[in-house]
Amino acid sequence: HTHTHRHTTTMAESSDVSMDLGSDGDISMDLGGGGSSTPAAAGTPRGPPVTGFAGGATGLGAARGTPPSLGVTGMASTGMATTGIGAGFASPAAMTPRQAVSAARLERVGPVSDSPDPAALVHLADQLSERGLVHSAKWALEFAVGLPAAASSTQSDVPAPPADEVSEAAVYKLAKVYFDMREFDRAAATLAKCTSSKSFFLRGYAMYLAGEKRKDDNTCDILGPQSKGSNEALTELRRLLVAQDAKGKLDGFACYLYGIVQRELGQRSEAAEQFARAVRMVPEFWGAWRDLGALFIDSSETSQLAQLQLPTNWMWPLFAAWLSLELQHNEEALQQYEHLGDLYPGSSYVRAQTALAHYNLREFDEAEEGFRQLRERDPHSLEHVDTYSNILYVKEMKPELSYLAHEACRIDRFRAETCCAVGNYYSLRNRHQKAVQYFERALKLNRRYLSAWTLMGHEYVELKNAPAAIEAYRRAVEINPRDYRAWYGLGQTYELLYMPLYSVYYYSQAQRLRPYDARMWTALAHTHKGLGRWADAAKCYERAVAYNEGDVASLHELGVLYRDRITPRNPEKAAFYFMKALDLDSDVQIQIDSELALEACVFLAQHFKAGGWGLVKSSHSFSAVSLALSVSRVVLASTWHWTCDSMPNLGFFETALQDLGQYDKARKFANSILAFGGKHKETAKDIVRSVSALQAASSAQGSTV
């Protein structure tokens with residue numbers, strides 16, 4: 001089996017409102033032994049099902065990670081609607097895949113009006129920390145530390161706090177202590193009579209987190225009917241926010257909280273407006289930018305950004321690059337982050353995002369090097385450890401993955417990222433049940449940890465537990481509808497359950513998110529083929545070939561469809577695709593090692609014998625002569641047992657070569673037929689005599705043969 005890569009969507013950073021509520025369970029680490037030491041590549045590949053040359057999907061023991069042959073269902077999506085951010089694509093058939101991705105540009109809402117100010121970022125970080133928004137505070141400070149030393153500060157004076165904040169300072173600090181001790185209800189009650197905007201925000205934030213904590217405490221298991229709950233504080237919190245908004249007292253931080261409440265209540269458009277208000281009031285508030293972008297599931301929805309009147313400060317390029325990466329415009333995101341890396345060479349955030357872009361593009365060597373440098377720079381950080389462990393898994397770097405898991409446990413074994421890295425380690429050792437345990441521990445620490453849900457779904461596929469895999473993938477989709485790998489996992493699992501109509505739907509969702517990924521089209525084509533939708537299957541295979549010209553399996557499937565399935569039959573197109581499938585490997589000696597390659601050779605020989613050279617002869621992309629030579633060489637070099645019925649194919653190729661003026665090569669292969677003997681010996685002799693006469697005539701005329 002070909003070892004495919006482990007590839008799961010990871011969030012750029014943890015949300016400020018996703019508190020890791022912790023787990024009382026001990027994590028016993030036994031990374032040094034137990035289980036099989038055979039890599040997954042030596043047994044069952046990891047990842048979604050791989051569509052091989054036959055187009056068949058592997059069973060429940062399929063590989064995990066980014067699907068090597070994802071499918072796209074539903075021919076309504078083959079029209080390839082706009083996938084760029086605020087801009088459409090040109091015709092996909094008229095551009096290369098790289099050009100197609102680069103065509104999706106995030107339109108700027110205006111010129112960047114300023115540059116980052118370290119003093120302003122430090123002051124903002126103080127405000128964020130005082131309100132418990134630690135992740136955004138960390139981002140602001142890390143970015144400020146990474147700015148060039150020559151960066152000038154335009155802000156020297158910190159504004160004085162409002163009078164009501166000064167009078168409530170002691171009460172606020174007491175409530176903040178309760179908040180930091182995770183006594184959220186007590187913190188909210190302490191601030192009940194306070195009137196300042198800062199106190200109002202911390203009270204509302206504490207109410208929200210208290211509701212989230214109760215929701216998690218009331219859930220019984222990670223999976224199951226009682227594993228979902230609701231935040232009972234949302235209704236009351238919304239009432240308070242509406243009343244405060246009516247008084248005109250909502251600041252940028254309160255608008256951010258308002259957006260979170262609206263999002264949790266399912267009101268996405270209202271949430272987007274509140275997040276936009278937050279970034280207009282506090283332009284450097286990264287958490288608000290990120291949560292605003294997270295509302296857009298695909299590029300067709302991003303046209304709403306122009307209506308939100310977002311600020312055009314230096315944060316806009318960072319947001320544009322982040323959103324491009326989230327929407328799987330990876331080529332564009334990589335270009336943007338490389339440019340940002342030139343502007344901010346000391347930013348760890350930009351370096352990490354650049355490595356993530358390489359990871360999404362399956363450029364694992366570059367991604368591994370990027371994350372390795374980040375760990376050398378900050379060896380105590382656990383950010384992106386889960387993604388780094390995925391890369392080490394894909395590259396089968398077992399010692400490095402074991403060392404990474406040990407180091408992560410040494411730093412903090414009660415972190416979701418640590419549990420994910422350990423789960424990857426056990427999965428690489430084919431101890432899938434143990435891997436599931438660690439992914440479940442990661443979810444106990446953070447129920448909204450996307451990577452753990454997706455990877456746990458992969459593990460359940462390996463364990464042939466389809467219901468649990470479906471539930472895990474569904475949870476991943478609920479957390480992030482842009483996670484095409486979870487959509488694909490659902491399609492894969494339903495395909496393994498012989499429910500192809502469900503597979504078509506879920507594969508189509510994955511294709512919609514990654515329309516220029518040839519693997520998506522291949523899997524969708526395979527599903528259509530299983531349903532007998534021959535024309536739809538051919539369209540999907542053609543899309544796959546358009547975005548991956550080296551996809552021999554899809555080329556062969558197209559040949560079979562046009563030869564046998566699609567009405568009316570089109571032998572010219574069938575020959576064209578069979579030739580392309582074989583010609584892709586014409587630079588090396590092809591060995592017929594499968595029935596499919598032999599099938600292509602036999603059809604082409606019969607087609608050429610009948611004079612079917614039209615489409616083949618006129619093709620500018622592939623040489624008919626080169627194909628004939630390659631196939632003849634394959635036949636002669638093959639270790640297959642040839643019967644009298646298969647010998648005529650060589651004679652057909654010799655005749656084709658003779659007709660095209662390739663006399664020397666025709667003579668060579670005619671002599672090979674003579675060496676084989678059989679009933680076509682006389683035909684070979686006639687070819688030799690005919691070639692000799694034609695060569696003599698050409699020499700007499702002084703023309704080049």
Fill in: Cation-aromatic face contact R441/Y438, 6.0 Å, 45 degrees
yes

Worksheet item: How about F275 and Y256: are their ring centres within less than 6.0 Å of each other?
Response: yes

Worksheet item: Between Y205 and L257, which heavy-atom pair has the shortest distance, and what is it?
Response: N-CD2, 3.7 Å

Practice prompt. Decide, yes or no, whether a salt bridge links K138 with E383 under the criterion of side-chain N to carboxylate O below 4.0 Å.
Written response: yes

Practice prompt. Anything under 30° is parallel, anything over 60° is perpendicular, the rest tilted; go ahead and classify W139 against F143.
Written response: parallel

Practice prompt. Check the pair D386, L455 against side chain to side chain contact (heavy atoms under 4.5 Å, CB included), reporting the backbone distance first and the verdict last.
Written response: CA-CA 11 Å; D386 48 356; L455 293 177; over 6 Å; no

Worksheet item: To the nearest 0.5 Å, what is the distance between CD (Q262) and CD (Q267)?
Response: 4.5 Å

Worksheet item: Run the side chain to side chain contact (heavy atoms under 4.5 Å, CB included) check on R485 and L450 step by step: do they pass?
Response: CA-CA 11 Å; R485 301 168 190 89; L450 180 64; over 6 Å; no

Worksheet item: Who are the side chain to side chain donor-acceptor pair (under 3.5 Å) partners of E376, not counting sequence neighbours?
Response: R372

Worksheet item: Under the ring-ring contact (aromatic ring centres under 6.0 Å, His included) test, which residues partner Y258, sequence neighbours left out?
Response: none

Item to complete: With sequence neighbours excluded, tell me which residues meet ring-ring contact (aromatic ring centres under 6.0 Å, His included) with Y388.
Response: none

Item to complete: Taking all non-hydrogen atoms of both residues into account, name the closest pair between M456 and L443 and its distance.
Response: CE-CD1, 3.5 Å

Fill in: Shortest non-hydrogen contact between A421 and V385, atoms and distance
CB-CG1, 3.8 Å

Fill in: Heavy-atom check, side chain of D117 versus side chain of H123, under 4.5 Å
no

Discussion item. Taking the side chain as everything from C-beta on, heavy atoms only, tell me whether R377 gets closer than 4.5 Å to R351.
Written reply: yes

Worksheet item: Who pairs with Y337 by ring-ring contact (aromatic ring centres under 6.0 Å, His included), at least two apart in sequence or on another chain?
Response: none

Practice prompt. Please lay out, stage by stage, how Y507 and Q492 fare under the test side chain to side chain contact (heavy atoms under 4.5 Å, CB included).
Written response: CA-CA 8 Å; Y507 282 148; Q492 171 198 10; 4.0 Å; yes

Fill in: Geometric class of the W316/F319 ring pair [parallel <30°, tilted 30-60°, perpendicular >60°]
tilted

Item to complete: Supply the atom-to-atom distance W521 CH2 to N548 CG, rounded to the nearest 0.5 angstrom.
Response: 14.5 Å

Worksheet item: Just by distance, do the side chain of S136 and the backbone of G287 share a donor-acceptor pair under 3.5 Å?
Response: yes

Discussion item. I'd like to check R415 versus L445 (side-chain heavy atoms, cut-off strictly below 4.5 Å). Are they in contact?
Written reply: no

Worksheet item: Can you find a heavy atom in the side chain of Y344 that is under 4.5 Å from one in the side chain of L147?
Response: yes

Fill in: salt bridge (charged side-chain N to carboxylate O under 4.0 Å, His left out) against E407, all qualifying residues, sequence neighbours excluded
R410

Worksheet item: Is the side chain of R514 donor-acceptor paired with the backbone N or O of A510 at a distance under 3.5 Å, no angle test?
Response: no

Practice prompt. Using atom types as modelled and distance alone, determine if a side-chain donor or acceptor of T418 lies under 3.5 Å from a backbone N or O of D412.
Written response: yes

Worksheet entry | Contact summary for H384 and F371, nearest pair of heavy atoms | CB-CE2, 3.6 Å

Worksheet item: Where is the tightest heavy-atom contact between D251 and A254, given as atom of each residue plus distance?
Response: OD1-N, 2.8 Å

Worksheet item: Tell me, do R263 and I260 make a side-chain contact under 4.5 Å, heavy atoms counted?
Response: yes

Discussion item. Considering only residues two or more places apart or on different chains, which pairs with a residue in residues 299-312 satisfy salt bridge (charged side-chain N to carboxylate O under 4.0 Å, His left out)?
Written reply: R268-E301

Worksheet item: Can you name the residues that form a salt bridge (charged side-chain N to carboxylate O under 4.0 Å, His left out) with E165, not counting sequence neighbours?
Response: K198

Worksheet item: Just wondering, do V394 and I391 contact through their side chains at under 4.5 Å, heavy atoms?
Response: no

Worksheet item: Of all residues at least two apart in sequence or in a different chain, which pass the side chain to side chain donor-acceptor pair (under 3.5 Å) check with E273?
Response: R280

Worksheet item: Is S129 reaching over with its side chain to a backbone N or O of D126, donor-acceptor style, under 3.5 angstrom?
Response: no

Worksheet, complete the sentence: Sorted by chain and number, sequence neighbours left out, side chain to side chain donor-acceptor pair (under 3.5 Å) with D342 holds for none

Worksheet entry | Within the 6.0 Å centroid threshold, strictly below: W289 and F285 | no

Worksheet item: Is a donor on one side and an acceptor on the other found under 3.5 Å between the side chain of W322 and the backbone of A333?
Response: no

Worksheet item: Are S402 and H406 close enough that some pair of their side-chain heavy atoms sits under 4.5 Å apart?
Response: yes

Item to complete: Please check if any side-chain donor atom of Q335 sits under 3.5 Å from a side-chain acceptor atom of E331, or the reverse.
Response: no

Worksheet entry | Shortest non-hydrogen contact between L133 and F253, atoms and distance | CD1-CD2, 4.1 Å

Worksheet entry | Results of side chain to side chain donor-acceptor pair (under 3.5 Å) for Y473 - residues two or more places apart only | H458

Worksheet entry | side chain to side chain contact (heavy atoms under 4.5 Å, CB included) evaluation trace for L292 with L310 | CA-CA 11 Å; L292 171 62; L310 300 176; 3.7 Å; yes

Item to complete: For F296, check ring-ring contact (aromatic ring centres under 6.0 Å, His included) against everything at least two apart and list the hits.
Response: none

Worksheet item: In Å and rounded to the nearest 0.5 Å, what is the CZ to CZ distance from F201 to R131?
Response: 7.5 Å

Discussion item. As an exercise, state the distance from OG of S348 to CD of Q353, rounded to the nearest 0.5 Å.
Written reply: 11.5 Å

Worksheet item: M281: what forms a side chain to side chain contact (heavy atoms under 4.5 Å, CB included) with it, not counting sequence neighbours?
Response: C255, R277

Item to complete: Nearest 0.5 Å please: distance from the CG atom of L401 over to the CG atom of L428.
Response: 6.0 Å

Fill in: Atom pair CG (N424) and SG (C419), whose distance is rounded to the nearest 0.5 Å
11.5 Å

Response to the item:
Tested for side-chain hydrogen bond (donor to acceptor under 3.5 Å, both in side chains) against Y359, the lone hit among T354, N390, T387 is N390

Worksheet entry | Beyond-backbone contact of E284 with L128, side-chain heavy atoms, under 4.5 angstrom | no

